[in-house]
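Computed from heavy atoms alone, side chains included, the values below leave out hydrogens, waters and symmetry copies. Each residue takes its place number in the sequence, starting with 1. A quick note: this is a predicted structure, and the numbers were derived from the prediction, not measured.
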Amino acid sequence: MDEGFRTFDHTGDLGLEAWAGSPERLYALAVLGVLAQVAEAPGHVPEVEVHLALSAADPGDLLVDLCNAALLEAEVRGAVWTDARVTRVGPQGLEATLSGPRRDPRRQVFLREIKAVSHHDLELDLTPGGCRCRLVLDV
């Protein structure tokens, strides 16, 4: 299966759809898709890395929590995440590593602020070989 992400118009906000062959890759691509709406970081060299261990009541909450944690960690650490690896996804938890360059307006193009990822209109399908999600980004 191919993988990727794309945006779509959503009333007053921005929508993001991602697809991948496995739940781990889908969660990682969702994070990368969200951060790609914040900044373009061509020719990135990873300078900052963070490890996350999250738990949530269900897979949808876990996806939203991961994306919001990635936004928060990027802001706190002054980074632009350009690589995301989800190493474990369970019924109520996951582990992930995010890495990327430090924020630098001389090296990156900043596109917009994403305030949060919402539960509004959340869609998530974790069928192996055909994982998909749709998220709404609060801009």
Side-chain angles (χ1 to χ4, degrees):
M1 172 185 197
D2 64 339
E3 62 178 40
F5 59 83
R6 65 176 165 247
T7 60
F8 60 91
D9 290 331
H10 191 276
T11 309
D13 289 312
L14 181 64
L16 178 75
E17 180 178 31
W19 59 96
S22 71
E24 293 84 359
R25 188 63 183 148
L26 178 70
Y27 280 82
L29 280 173
V31 167
L32 294 176
V34 170
L35 272 293
Q37 307 317 304
V38 174
E40 294 175 353
H44 65 277
V45 174
E47 300 167 313
V48 182
E49 183 174 275
V50 64
H51 301 282
L52 301 173
L54 301 174
S55 60
D58 64 58
D61 287 345
L62 198 55
L63 177 62
V64 171
D65 290 353
L66 175 61
C67 291
N68 284 326
L71 285 168
L72 176 63
E73 290 291 340
E75 185 66 29
V76 168
R77 296 173 187 274
V80 177
W81 306 131
T82 55
D83 185 46
R85 292 180 312 266
V86 175
T87 54
R88 182 187 65 82
V89 175
Q92 296 178 327
L94 67 72
E95 293 178 16
T97 301
L98 310 175
S99 63
R102 297 194 184 285
R103 285 186 187 217
D104 183 346
R106 295 169 297 174
R107 296 187 297 165
Q108 297 132 8
V109 176
F110 292 90
L111 305 171
R112 66 182 66 82
E113 178 184 1
I114 303 295
K115 297 175 191 170
V117 175
S118 170
H119 284 87
H120 179 72
D121 286 344
L122 172 66
E123 294 179 21
L124 178 61
D125 178 358
L126 296 177
T127 303
C131 299
R132 297 180 109 31
C133 69
R134 286 175 63 94
L135 301 165
V136 175
L137 314 181
D138 183 10
V139 292

[X] vs [Y] side-chain heavy atoms within contact, under 4.5 Å:
X      : Y      : result
Glu123 : Glu17  : no
Glu75  : Arg103 : yes
Asp13  : Leu137 : no
Pro46  : Asp83  : no

Give, for atom [atom1] of [X] and atom [atom2] of [Y], the distance between the pair rounded to the nearest 0.5 Å.
X      : Y      : atom1 : atom2 : answer
His10  : Leu135 : NE2   : CG    : 11.0 Å
Asp138 : Ile114 : CG    : CD1   : 8.0 Å
Leu66  : Leu52  : CG    : CG    : 6.5 Å
Leu71  : Lys115 : CG    : NZ    : 12.5 Å
Glu95  : Thr87  : CD    : OG1   : 5.0 Å
Glu3   : Cys131 : CD    : SG    : 11.0 Å

Handout entry: Under 3.5 Å donor-acceptor, Glu40 side chain and Val109 backbone
Key =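 Between the backbone of Val109 and the side chain of Glu40 there is no qualifying donor-acceptor contact (under 3.5 Å).
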Practice task
Determine whether more than 12 heavy atoms belonging to other residues, nucleotides or ligands lie under 6.0 Å from atom CG of Asp58.
Solution key: yes
Can you name the nearest heavy-atom pair linking [X] to [Y], along with the distance?
X     : Y      : value
Leu63 : Cys133 : CD2-CB, 3.8 Å
Phe5  : Gln37  : CE1-NE2, 4.2 Å
Asp65 : Ser55  : OD2-O, 4.2 Å
Trp81 : Val48  : CZ3-O, 3.7 Å
Val80 : Gln108 : CG2-OE1, 3.8 Å
Ala84 : Ala28  : O-CB, 3.4 Å

Practice task
Start with the C-alpha distance between Val117 and Val136, add both sets of side-chain angles, then the distance that settles side chain to side chain contact (heavy atoms under 4.5 Å, CB included), and finish with yes or no.
Solution key: CA-CA 6 Å; Val117 175; Val136 175; over 6 Å; no
Exercise for the section: Determine, stepwise, if the pair Arg77 / Glu49 fulfils salt bridge (charged side-chain N to carboxylate O under 4.0 Å, His left out). Expected result: CA-CA 9 Å; Arg77 296 173 187 274; Glu49 183 174 275; over 6 Å; no
Quick check on the hydrophobic clustering: are [X] and [Y] connected, directly or via other members, by side-chain heavy-atom contacts under 4.5 Å?
X     : Y      : answer
Val34 : Phe110 : no
Val31 : Trp19  : no
Val38 : Val139 : yes

Handout entry: Stepwise side chain to side chain contact (heavy atoms under 4.5 Å, CB included) test for Arg112 and Leu14
Key = CA-CA 11 Å; Arg112 66 182 66 82; Leu14 181 64; 4.0 Å; yes
Handout entry: Stepwise side chain to side chain contact (heavy atoms under 4.5 Å, CB included) test for Thr97 and Val50
Key = CA-CA 6 Å; Thr97 301; Val50 64; over 6 Å; no
Handout entry: Under-4.0 Å salt bridge between Arg106 and Asp104
Key = yes
Practice task
Check the pair Leu54 / Leu62 against side chain to side chain contact (heavy atoms under 4.5 Å, CB included), numbers first and verdict last.
Solution key: CA-CA 7 Å; Leu54 301 174; Leu62 198 55; 4.1 Å; yes
